[in-house]
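Throughout, protein chains are lettered first and strands after them, A, B, ... in sequence-line order, and every chain is numbered starting at 1.
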Amino acid sequence: MEEPKLAISVDDLTVAYNYKPVLWDIDLAVPEGVLMAIVGPNGAGKSTLIKAILGIIKPIAGSVAIYDKPYEKQRKLVAYVPQKGSVDWDFPTTAVDVVMMGTYGSLGWIKRPGQKEKKAALEALEKVGMLSFKNRQISQLSGGQQQRVFLARALVQNASIYFMDEPFQGVDATTEIAIINILKELRKAGKTVVVVHHDLQTVPEYFDWVTFLNVKKIATGPVKDIFNDDNLTKTYGINYKVAVNK
Amino acid sequence: MNNPQIEIQLIAAVVAIACAIPGVFLVLRKMALISDAISHAILPGIVIGFFITQDLNSPILILLAALTGVITVVLVEIIQKTKLVKEDTAIGLVFPALFSIGVILIAKNANDVHLDVDAVLLGELAFAPFDRLLISGMDMGPKSLWVMGVILIMTLALLVMFFKELKVSTFDTGLSSALGFSPIILHYGLMSVSSITVVGAFDAVGAILVVALMIAPAATAYLLTSDLKKMLGLSIGIGVFAAIAGYWLAHILDTSISGSMTTVLGLVFLLVYLFAPSKGLLSVLYRQKQQRIEVSLITFLLHLTNHSEENERHINHLNEHINWQKVRSKNVLNLALKNNMITIENKVVSLTNKGQEFTDLAIEYIITNRDENIEHMKDDFFLFRG
């Protein structure tokens, strides 16, 4: 059988804020077509790992490759959903306009979005069940609806790899199910999805691949093989079996 | 109107438009204070530029002074990055230092330089028509109109070209960076344009009031619209209105033009702050009052669903048992009647089908916080708008 291609490979990645390492010598190989959770305690560097892969934060050492090439050359293959709380939802714009931002990357500098981009944005809104809210001002959306708009913005990029930073943060149960269904569809279509995730209970149900992170990489691999008490304890520093059962 | 009057208004309007455009992005990026810092910190650049060129409208002076503005931003960021002080403190440290260098330079050379601190701080629009642009003896109009005109055209061209880049980097820095639109380049681009505009405008309106022309129109427009393009258009409109109205106010009161323009801007902001349709103070207060009534309405409807006994549904019972003041009971009953949620017969209140349905949906929403089923209720009731 042919080895699956590597979608993402990270080599010896170290990131520091003011000389304090937040990610230390990370090696990571993510095969194409997995739905991967990154788990770890607060301050483990989960968001930082995504941002460093996407070149938003400059690492002090190491390198990243998306399908064997530097990220800068593969931007169009990658979609990114930042944490919902990282933007100002009072910004004067509408849901469809935010989704259109996903098309800016393929347009490049200066060129403006037109009918084609608008149509793609509306289709993406429909996929996340938000079409009827297309002209709603974004501050008038609930937390779950805002997250769906963000997801639509990533879908419109029609990427091969999706990075999502805590997409389930502060959303209602319906939205969580809607989002995970879309992510599973993406995986079915052969896409690679990487999600910073907090709820350990749902890891086996939602994901097929997992990376344990706490400044250093603890483990990475298929959920069925490595999602166990041993790795949880190593990552969270407490006896996790007890904590989960509590 | 005579020629200088028209020219002054034209300059004022051009300055207002050129300031309003970067102002919108400064306000949205929560960087209003940085424009204040730039406007002061450019002083040494202007003075040094003036020593070299002897001409306040020289392009070299403008670029030199604008560079000081960008240096201000860089210095603020360097100090802030040490994490020893916060951003506002860093701003407060940098711009007085640069400004004071300018003040000392002017004072030391006061005899040789036709530049005084008052003119720098307050500007003098009334004198602008005296400084003419002469090309081989031909009068081409006031120099400052040309300077600001060129700056405005440059600003407009950049805005049209990089509108989407500015929008995405202002709204979502992370995405902007991931898509390849460097937020750093866009940030410094905006800072450069702001600096150049401030330098070009300071001659007309002064270093202090230029801040008002940048921030006030944008802050006002922000309260009026939730569309970025409309916000830009409104800012420009408000800026031009304040420029023209300010001129005539100064004319009538025989006082400073720039002071009057800023006063008009302040008054426009105050009016919008009070009366803006959805974000204005009065509208917010009204909404809060309506929400209180709506909460009461749901409480009342729930009471009706829970009690079928006639004595529990009697109008007077509302005052006695639910413990409401007469006014509130009346408001609630009126609201329920207006929406056909209840009928009143012999002072006994009954729930209609519509009222029952409304109550069920409202309760479901309050319990589950899921708003798919109550979309139609959002238009009539503030309570469901999240």
Side-chain angles (χ1 to χ4, degrees), chain A residues 17-18 47 50-51 53-57 71-72 75-76 78-83 86-94 97-98 100-113 117 129 132-133 135-145 150 153-154 157 163 165 172-175, chain B residues 24-25 27-30 81-84 157-158 160-186 218 221-232 234-235 278-279 365 368-376 378 384-386:
Chain A
Y17 292 134
N18 291 326
S47 299
I50 287 189
K51 286 181 185 163
I53 292 173
L54 299 176
I56 297 170
I57 295 173
Y71 172 72
E72 287 69 30
R75 282 186 207 283
K76 285 177 187 172
V78 176
Y80 170 47
V81 179
Q83 275 183 31
S86 68
V87 307
D88 175 12
W89 290 92
D90 284 326
F91 191 84
T93 191
T94 55
D97 203 43
V98 170
M100 286 234 275
M101 289 179 190
T103 67
Y104 289 3
S106 60
L107 287 167
W109 286 86
I110 297 175
K111 221 178 137 203
R112 270 180 287 176
E117 283 73 24
S132 50
F133 298 90
N135 293 324
R136 176 99 26 117
Q137 212 274 319
I138 52 172
S139 65
Q140 305 291 318
L141 299 170
S142 69
Q145 291 169 335
F150 258 19
R153 189 178 70 178
Q157 288 183 255
F163 289 95
D165 202 343
D172 51 284
T174 339
T175 300
Chain B
V24 164
F25 291 99
V27 165
L28 289 176
R29 287 164 175 252
K30 301 176 178 65
K81 248 186 211 142
T82 63
K83 300 239 167 113
L84 297 174
L158 288 170
V160 170
M161 276 198 287
F162 300 113
F163 180 71
K164 88 169 188 298
E165 289 80 0
L166 276 167
K167 180 161 74 178
V168 68
S169 74
T170 303
F171 174 62
D172 190 340
T173 331
L175 180 78
S176 178
S177 169
L179 291 177
F181 305 117
S182 162
I184 295 165
I185 292 175
L186 289 159
Y222 182 74
L223 297 177
L224 288 170
T225 179
S226 35
D227 178 302
L228 181 54
K229 280 183 187 160
K230 282 185 196 147
M231 185 175 165
L232 279 160
L234 275 171
S235 298
S278 67
K279 295 184 192 166
Y365 168 68
T368 63
N369 209 21
R370 287 168 54 179
D371 56 3
E372 293 93 4
N373 298 327
I374 54 137
E375 279 308 320
H376 61 285
K378 284 188 180 178
F384 303 117
R385 291 184 200 170

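Between B/K167 and A/M101 the shortest side-chain heavy-atom distance falls below 4.5 Å. Residues A/P82 and B/T173 fail the side-chain proximity criterion, which asks for heavy atoms closer than 4.5 Å.
Of the two parts of B/S182, only the backbone, made up of N, CA, C and O, holds a non-hydrogen atom closer than 4.5 Å to a non-hydrogen atom of chain A. Residue contact with chain A, scored on non-hydrogen atoms closer than 4.5 Å, involves the side chain of B/K83 exclusively. The parts of B/M161 that come within reach of chain A are both its backbone and its side chain, each placing non-hydrogen atoms under 4.5 angstrom from that chain. With a 4.5 angstrom heavy-atom cutoff, A/F163 does not touch chain B via any of its atoms. Heavy atoms of B/L186 lying under 4.5 Å from chain A belong exclusively to its side chain.
Most heavy-atom pairs under 4.5 Å with chain A, from the set B/L175, B/V168, B/L28: that is B/L175. Here A/D97 is the residue among A/D97, A/I57, A/L54 with the most heavy-atom pairs under 4.5 Å with chain B. Between chain A and the residues B/L228, B/D172, B/T170, the most heavy-atom pairs under 4.5 angstrom are made by B/D172. Interface check for chain B: of the options A/T93, A/V87, A/V98, the most heavy-atom pairs under 4.5 Å are formed by A/V87. Listed options B/A178, B/S176, B/S177, B/P183 were ranked by heavy-atom pairs under 4.5 angstrom with chain A; first place goes to B/A178.
Classification of the A/F91-B/F171 ring pair by plane angle, with boundaries at 30° and 60°, yields tilted.
Residues meeting the side-chain contact (heavy atoms from CB on, under 4.5 Å) test with A/D165, sequence neighbours left out: A/S47, A/Q83, A/V196. Evaluation of the side-chain contact (heavy atoms from CB on, under 4.5 Å) rule for A/V81 yields A/Q147, A/F150, A/A154, A/M164 as partners, not counting sequence neighbours.
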- Check step by step if side chain to side chain contact (heavy atoms under 4.5 Å, CB included) holds for B/Y222 and A/D90. CA-CA 10 Å; B/Y222 182 74; A/D90 284 326; 3.2 Å; yes
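Of the inter-residue distances, the one linking A/Q140 atom CD with B/S278 atom OG reads 7.5 Å to the nearest 0.5 angstrom.
Pairing each heavy atom of B/K164 with each of A/I110, the nearest pair is NZ-N, 3.6 Å.
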